[in-house]
Amino acid sequence: MPTTRRRWLAGLGAAAGGALLSGCDKLTMNPGVQKTLSGAEGLTRRAQRLITNRTALAAEFPESQISPDFRANGSTAPGDPDYRLLAEGGFADWRLVVDGLVERPLSLSLAELRAEPARTQITRHDCVEGWSAIGKWSGARLGPLLDKAGLRDEARYVVLHCADTLDPNVPEHLGRYYESIDLIDAYHPQSILAYEMNGEPLSVKHGAPVRLRVERQLGYKHAKYVMRIEAVADFAHLGGGKGGFWEDRGYEWYAGI
Ligand SMILES: Nc1nc2c(c(=O)[nH]1)N[C@H]1C(S)=C(S)[C@@H](COP(=O)(O)O)O[C@H]1N2
Ligand SMILES: [Mo]
């Protein structure tokens with residue numbers, strides 16, 4: 001990633017961890033200073049917890065814990081004509097577009113995506129509706145893919161544009177599923193564009209040919225049927241303006257777990 005952004009991400013860590021070690025003992029004996037420091041320390045600890053929590057890995061599980069019956073939720077058989085055509089052709093014509101605020105827009109076939117740096121992980125999926133399931137996912141790591149496209153300095157989020165219309169009763173830009181994540185999640189080592197589930201090509205009900213796994217967040221952030229990844233500075237101009245299909249209907253944008 002560009003040096004400026006790496007510095008920006010590193011800066012988050014430094015701001016959280018660095019501030020306290022500057023006072024000398026005499027100063028810190030002063031009750032006023034002590035009070036200010038403990039306030040600052042409280043803040044700093046909270047900030048640090050937030051940031052270390054954001055980059056920590058989600059729990060991974062042994063093969064023996066994989067759920068025999070992983071539920072499918074939301075869209076499970078998109079009826080959108082463009083998607084149906086792609087599915088009927090075995091996704092031979094599917095391309096993943098990476099564009100927006102990037103230096104080198106990409107358009108990758110499934111075979112090309114499979115050749116990118118990959119990761120396999122067995123994780124638990126938690127849906128906001130109150131069910132969980134453990135699955136094994138393999139896919140291309142999102143971070144290296146964004147580096148390949150070369151994020152521009154203004155990029156702050158990536159938007160995942162999906163193929164499925166989940167709500168047909170509203171204009172298309174509101175009914176189509178989409179999601180967005182920030183760059184901390186985009187570069188998280190477990191953030192992958194999964195093309196395999198439990199050792200098999202991803203099935204249509206689970207998001208074929210490719211779905212996002214963003215393991216530190218709830219189920220609705222894990223966009224299925226991903227067609228396009230757009231780097232943006234802001235997502236207010238997309239969909240209903242809240243950063244995702246469910247966010248536009250009142251769910252939290254940051255669904256950390
Ligand atoms: N494109 C798209 N992605 C989606 C959804 C959807 O309806 N469309 N549903 C979300 C919700 S609420 C959950 S819990 C998971 C379900 O993934 P699964 O069908 O593999 O269990 O996908 C998420 N991603
Ligand atoms: Mo969900």
Side-chain angles (χ1 to χ4, degrees), residues 1-2 4-5 8-9 11-12 47 50-51 53-55 73-76 78-83 95-103 105-107 125-130 142-143 145-146 149-188 190-194 207 210-257:
M1 77 182 105
T4 41
R5 178 161 302 97
W8 175 75
L9 283 170
L12 284 175
L50 251 175
I51 287 154
N53 277 355
R54 292 291 312 276
T55 54
N73 202 33
S75 296
T76 52
D80 302 69
D82 290 352
Y83 180 81
R95 292 289 179 281
L96 175 69
V97 170
V98 182
D99 66 358
L101 297 174
V102 299
E103 304 290 349
L106 308 176
S107 172
H125 178 98
D126 296 309
C127 175
V128 75
E129 292 167 9
L142 183 51
L145 204 64
L146 294 174
L151 282 186
R152 302 218 322 244
D153 279 349
E154 314 88 85
R156 285 291 174 269
Y157 306 96
V158 297
V159 177
L160 300 119
H161 295 278
C162 305
D164 58 312
T165 300
L166 187 53
D167 184 352
N169 303 311
V170 294
E172 184 180 308
H173 72 286
L174 298 173
R176 186 70 68 90
Y177 206 92
Y178 75 107
E179 258 303 339
S180 60
I181 57 175
D182 65 19
L183 298 185
I184 297 179
D185 269 324
Y187 279 92
H188 188 285
Q190 288 168 321
S191 292
I192 60 173
L193 295 165
V210 164
R211 65 102 50 86
L212 176 69
R213 295 299 308 169
V214 50
E215 304 292 354
R216 302 296 316 280
Q217 296 214 46
L218 286 171
Y220 62 88
K221 301 295 290 189
H222 299 235
K224 306 196 281 189
Y225 318 110
V226 176
M227 303 297 293
R228 175 180 172 215
I229 296 175
E230 182 190 11
V232 298
D234 184 13
F235 47 71
H237 61 291
L238 293 165
K242 299 293 199 295
F245 178 92
W246 285 114
E247 288 84 336
D248 289 338
R249 288 153 181 81
Y251 286 23
E252 292 292 328
W253 178 78
Y254 184 69
I257 46 178

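The first residue in the sequence is number 1, and the count goes up from there. No hydrogens, no waters, no symmetry mates; every other heavy atom, side chains included, goes into these values.
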Going through the checks in order, is the side-chain contact (heavy atoms from CB on, under 4.5 Å) test met by Ile229 and Leu96?
CA-CA 8 Å; Ile229 296 175; Leu96 175 69; 4.2 Å; yes

With sequence neighbours left out, the residues meeting salt bridge (Lys or Arg N to Asp or Glu O under 4.0 Å) with Asp126 are Arg124

What residue pairs, at least two apart or across chains, pass side-chain hydrogen bond (donor to acceptor under 3.5 Å, both in side chains) with a residue in residues 231-245?
none

Measuring only between side-chain heavy atoms, which start at C-beta, is Asp182 closer than 4.5 Å to Arg156?
no

Residue pair Tyr220, Tyr251: steps toward the ring-ring contact (aromatic ring centres under 6.0 Å, His included) verdict
CA-CA 9 Å; Tyr220 62 88; Tyr251 286 23; 4.8 Å; yes

Applying ring-ring contact (aromatic ring centres under 6.0 Å, His included), can you list everything that pairs with Phe235, at least two apart in sequence or on another chain?
Tyr157, Trp253

Arg216 (side chain) donor-acceptor with Ile257 (main chain) under 3.5 angstrom
yes

Compare every heavy atom of Gly241 with every heavy atom of Asp248, then report the nearest pair and how far apart it is.
OD1-N, 3.4 Å

Those residues at least two apart in sequence (or on a different chain) that pass salt bridge (Lys or Arg N to Asp or Glu O under 4.0 Å) with Lys221 are Glu179, Glu247

Taking all non-hydrogen atoms of both residues into account, name the closest pair between Ala155 and Ala231 and its distance.
CB-CB, 4.1 Å

Excluding sequence neighbours, so at least two apart, what forms side-chain hydrogen bond (donor to acceptor under 3.5 Å, both in side chains) with Arg176?
Glu172

Is a side-chain N or O of His125 found less than 3.5 angstrom from the main chain of Arg213, in a donor-acceptor match?
no

For Glu129, what residues pass the side chain to side chain contact (heavy atoms under 4.5 Å, CB included) criterion, not counting sequence neighbours?
Arg71, Asn73, Cys127, Trp131

Could you please spell out the steps behind the side-chain contact (heavy atoms from CB on, under 4.5 Å) verdict for Met227 and Val97?
CA-CA 7 Å; Met227 303 297 293; Val97 170; over 6 Å; no

Between Asp185, Ile181, Val98, Leu183, which is the residue that forms a side-chain contact (heavy atoms from CB on, under 4.5 Å) with Leu142?
Ile181

About how many Å separate OH of Tyr254 and CG of Leu218, when rounded to the nearest 0.5 Å?
10.0 Å

Nearest heavy atoms of Arg54 and Ile184, plus distance in Å
NH2-CB, 3.6 Å

Nearest heavy-atom pair of Ala186 and Leu146: which atoms, and what distance?
CB-CD1, 3.7 Å

List, one per line, each side-chain donor-acceptor pair under 3.5 Å for residues 159-169, sequence neighbours excluded.
| unit_1 | atom_1 | unit_2 | atom_2 | d |
| --- | --- | --- | --- | --- |
| His161 | NE2 | Glu230 | OE1 | 2.8 |
| Asp164 | OD2 | Ser75 | OG | 2.5 |
| Thr165 | OG1 | Asp80 | OD2 | 2.5 |
| Asp167 | OD1 | Asn169 | N | 2.9 |

Are any of the side-chain heavy atoms of Glu252 and Trp246 separated by less than 4.5 Å?
no

Could I get the full list of side chain to side chain contact (heavy atoms under 4.5 Å, CB included) partners for Pro171, not counting sequence neighbours?
His173, Leu174

Partners of Tyr178 by ring-ring contact (aromatic ring centres under 6.0 Å, His included), sequence neighbours excluded?
none

In chain order, what residues pass the ring-ring contact (aromatic ring centres under 6.0 Å, His included) check against His188, with sequence neighbours excluded?
none

Holding to salt bridge (Lys or Arg N to Asp or Glu O under 4.0 Å), I want the full list of residues that pass it with Glu103, two or more places apart in sequence or in another chain.
none

